[in-house]
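Notes follow the structure.
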Amino acid sequence: MTFEGLGLDAKLVQATDALGYVTPTPIQEQAIPVLLSGTTDLVGLAQTGTGKTAAFGLPLLQLVDVDQKYPQALVVCPTRELCMQIVSEVELFKKFMPGMHVVAVYGGASIGMQIRDLKRGVQIVVATPGRLIDLIERKAINLEQIKYVVLDEADEMLNMGFQDDIEFILQNTPKREATWLFSATMPAEIKRVSRKYMKQPVEITVGKVNTGNKNIEHQYYITAAHHRYETLKRIIDFNPGIYGIIFTRTKADAQNISEKLTREGYDIDALHGDLTQQQRDKVMGEFREKTLQLLIATDVAARGIDVQGITHVINYELPDDLEVYTHRSGRTGRAGNTGICLSVIHSREIGKIRQIERVVQVPFHKLEIPAGKDVCRKQFFHFMEKLLQADISHGDYETYVPMIAEKFADITKEEVLKRVAAMEFDRFLKYYENAEDLNVRDRPREARTDSRGSRDRREPTQERNFNRDTRGREFSGNGDYMKLFVNLGTKDGFYKASFLQFILDMSDLRKDVLGRIDMKEMNSWIEVDRKSAPQMIRAIDGKNYKGRRIRMNDANSR
Ligand code: AMP
C-alpha cells in the first residue's frame, strides 16, 4: 500500500516522500481512506508512535479549503508539548501547499502573540483546551466555521480534568461535519462522549488497547480518620525524594494542611480557588521548577495541571466520584515514567478501593504505614546517599581541609558520621522516637473476647439473645458499660448515625463497643464498653469540633 493508493493528493504524497515515509503505518492505512470522505466520524484507539498524527493530519490538509482564511479544522490535545509536536509535523506535511496555515495555541505562553497569529488567517488550529476556551471568551477565535474536530489523546485530556471544556467545544462547533477521536485507552467517559457527540463512528484499533496506565502503582494505607494528617506526614517523611501533588476534597483542607506542614518545615504550597491568577502562576511556577517539592490542591484548582516528573500523587481522602480518582492518578506516570498513586483511607473505605480497582483495572496494594524507626532509617540513608554524591570537584577544599584535619585527628570516621547525623536528625529522631502505630489493624477475635469478658464463649443462641438484650436495655448502670457525657448534641448538626460515626472515627473503636445513645440538643450520653471507654475519652476529650472544645467524661463522676 502507498500513500497515493490511500487517495491522498499529489502535494501530500510529495511531502510524505520528502519525509522518507515509504509505506503507511497500520493506522494510516485504515484511517486515511475513511477520513478523506470528510463526513465520517472516527474513534482511533492508538498510542503515540503509531503514526496517528499523519493519520489525521494528512486528511485534514486535503479537506480544508486553502483559499478560505478562517479556522476550518480544530485539533485539541492535552499538553503544550503535544500541541507543538503536532504543529511541527503538520508544517512538514503542508510543505508543498502554499497559503495553508496552521497555528498552535497553548497555555503558559503569550496569548497576545497567539491572537496575532490567529488574525493572520489560519485554516487549522491546534490547541490545548484551557487556552482555547480563553481565546473563545476573548472572542479571539471563532468556532462557527469549524468543520473538522480532532480530539487527540482524549483519555489524557479527561485525566487532566478537561471534560467540561471538551464538551463545550463540541457543543459550540455548529458546522462540525466530522469528529475524530484518538485515545490510547477507552474509559467509560470517552465512550459516553463519543455516544453523545459522534455519529456512528468507525472504530479502528491498532496495537493493544491498554486499559489502565501500567506505569502507575496504586497503593493505600488504612488509618483512623483522626490519624490522617499524621499519616500524611509520615508518608512524606518516608519518601525523602518525593515530588508530588496531594489532593484534598475541600479548599479549607488544602489551605489548613498546607499551613500546618509549612509551619513544621515542609516545602509545600496550596493551590485553591481563592488564589488570584498571579498567585496561582507563582505557585505553579515554583512547583514546575521544582523549587517547591509538594503541591496540595483541590480537584477543581488542579484542573489542567501538566507537570512532568511527578513521583507521587497522594489522596489525602478518596474522592467521592470514582472517575476523579483516575484524573488524579493520571498526574503521575506520564511520558513513559513510572509513578505512585497512594491513598490514605479509613477501614470503612475498602469497598471503595475495590470499586476503583475495577475501574482502573489494576490491583491496588495495601501498605503498612511505616513505623517511626523505618522513617528515620529511610531519611538517614537518603541523607548519607546525598553526602556521598555531593560534588566536591569545584570548590577549593584542598586549601581548607588540611587546616581542620588536625581537629579531627582523634575522632574516628564513625564518630564523624554520628555527629553529622546528630546535626541533621536530632529533631527527626526525637519526633519519631516514640511514634505510635498509625495502622488500623484487624483485631483478632481473642481481643474482642477479652474486652467483652467471657461473653463470646456463650452458646450462639445465647449470644444472639444477648445482643437483642443490649439493644433494648435502658441506661441501667450495667457493670459492662460506662456512661459517658459529651457536650455535643443535635444543635451541632449531628443525627444519631452521624454522631456515632464521628465518635467511632475519632476513637478508632468499633460499633460493638457501644450501648445506648441518648442525644439532646446540647449534650449527649453514650454507653461505652467499660474497657474501651478510656480510649474514647482520650481520643475525644479536649479535641476541637468546629472551633469548640469537646468535653467528654464519665457521666457518673460529675
Ligand atoms: P506519531 O504516532 O504521530 O507521534 O508518529 C510517530 C513517528 O512516526 C513520527 O516521528 C512520525 O514522523 C513517524 N511516522 C509517521 N508515519 C510514518 C510512516 N508512514 N513511515 C515512517 N515514519 C512515520
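Both counts, for ligands and for their atoms, begin at 1 and track the order of listing.
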Please assess Asp253 against Thr248 for the test side-chain hydrogen bond (donor to acceptor under 3.5 Å, both in side chains), listing each intermediate value before the final yes or no. CA-CA 6 Å; Asp253 266 352; Thr248 59; 5.6 Å; no
Mind running side-chain hydrogen bond (donor to acceptor under 3.5 Å, both in side chains) on Ser37 and Thr40 for me, showing each step along the way? CA-CA 7 Å; Ser37 77; Thr40 312; 2.8 Å; yes
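Every atom of ligand 1 is numbered from 1 in the order shown, and the set under 4.0 Å from a heavy atom of Thr25 is 16 (N), 17 (C), 18 (C), 19 (N). Close contacts of ligand 1 with Thr53, meaning ligand atoms under 4.0 Å from a residue heavy atom, involve 1 (P), 3 (O), 4 (O). Proximity to Thr50 (heavy-atom distance under 4.0 Å) selects the following atoms of ligand 1: 2 (O). Every atom of ligand 1 with a heavy atom of Lys52 under 4.0 Å away is listed here by number and element: 1 (P), 2 (O), 3 (O).
Residue Ile27 places every heavy atom at 4.0 Å or more from ligand 1.
With Gln85, Gln28, Glu89 as candidates, the residue nearest to atom 10 (O) of ligand 1 on a non-hydrogen basis is Glu89.
Considering both main-chain and side-chain atoms, Gly51 comes within under 3.5 Å of ligand 1 through a nitrogen or oxygen pair.
Residue Phe56 does not touch ligand 1, judged by heavy-atom distances below 4.0 Å. The part of Thr23 lying near ligand 1 is the backbone, judged by heavy-atom distances below 4.0 Å.
Salt-bridge check for Lys233 with Glu264: passed, with a basic side-chain N closer than 4.0 Å to an acidic carboxylate O. Taking a cutoff of 4.0 Å between a charged side-chain nitrogen and a carboxylate oxygen, Asp65 and Lys147 do not qualify as a salt bridge. Using a 4.0 Å cut-off between charged side-chain N and carboxylate O, Lys378 and Asp237 make no salt bridge.
At a distance under 4.0 Å, a protein heavy atom can be found next to atom 19 (N) of ligand 1.
The nearest protein atom to atom 13 (C) of ligand 1, hydrogens excluded, is given as Tyr21 OH, 3.7 Å; this is a heavy-atom distance. If you check which protein heavy atom lies closest to atom 6 (C) of ligand 1, you get Gly49 CA, 3.7 Å.
Taking the six-membered ring where the residue is Trp, Phe56 and Phe182 present tilted rings, their angle falling between 30° and 60°.
For Tyr197 and Gln171, the side-chain atoms include at least one donor-acceptor pair closer than 3.5 Å.
For the pair Lys282/Gln278, no side-chain contact is recorded, criterion being any heavy-atom separation below 4.5 Å from C-beta on.
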